[in-house]
Amino acid sequence: MKTIFTTIAVLFLSFTASASCFVSGYYKSNGTYVSGYYRSCPNSTVTDNYSYQGNINPYNGKRGYNSY
């Protein structure tokens, strides 16, 4: 039973870790610096994005607001 729980936990953590991408900091054309941040990785669906209604961003705790 313990090994099943451990396996499920490892699979969950590996999925969660691959669901986010880091965007490096950059300068906008007006000279403003934007700090680096995490976002959901781009893919072919919108329902797994942090901003999609019903999802929660794990880095800042904000709820999704878009229903697309």
Do the non-hydrogen side-chain atoms of Y26 and S24 ever get within less than 4.5 Å of each other?
-> no

Please say whether more than 12 non-hydrogen atoms of neighbouring residues, nucleotides or ligands are located less than 6.0 Å from CZ in F22.
-> yes

Would one find more than 12 heavy atoms of other residues, nucleotides or ligands at under 6.0 Å from atom OH of Y33?
-> yes

N49 side chain to S51 side chain, donor-acceptor N/O pair below 3.5 angstrom = no

Parallel, tilted or perpendicular: ring planes of Y38 versus Y59, cut at 30 and 60 degrees =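 Geometry flag for Y59 against Y38: parallel rings.
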
Taking N55 for the side chain and T47 for the main chain, is one N or O donor matched with an acceptor at less than 3.5 Å?
->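 Judged by distance alone, yes, a pair lies under 3.5 Å.
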
Mind listing the closest non-hydrogen atom pair of I56 and Y50 along with its distance?
->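 Here I56 and Y50 meet closest at O-CD2, 4.4 Å.
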
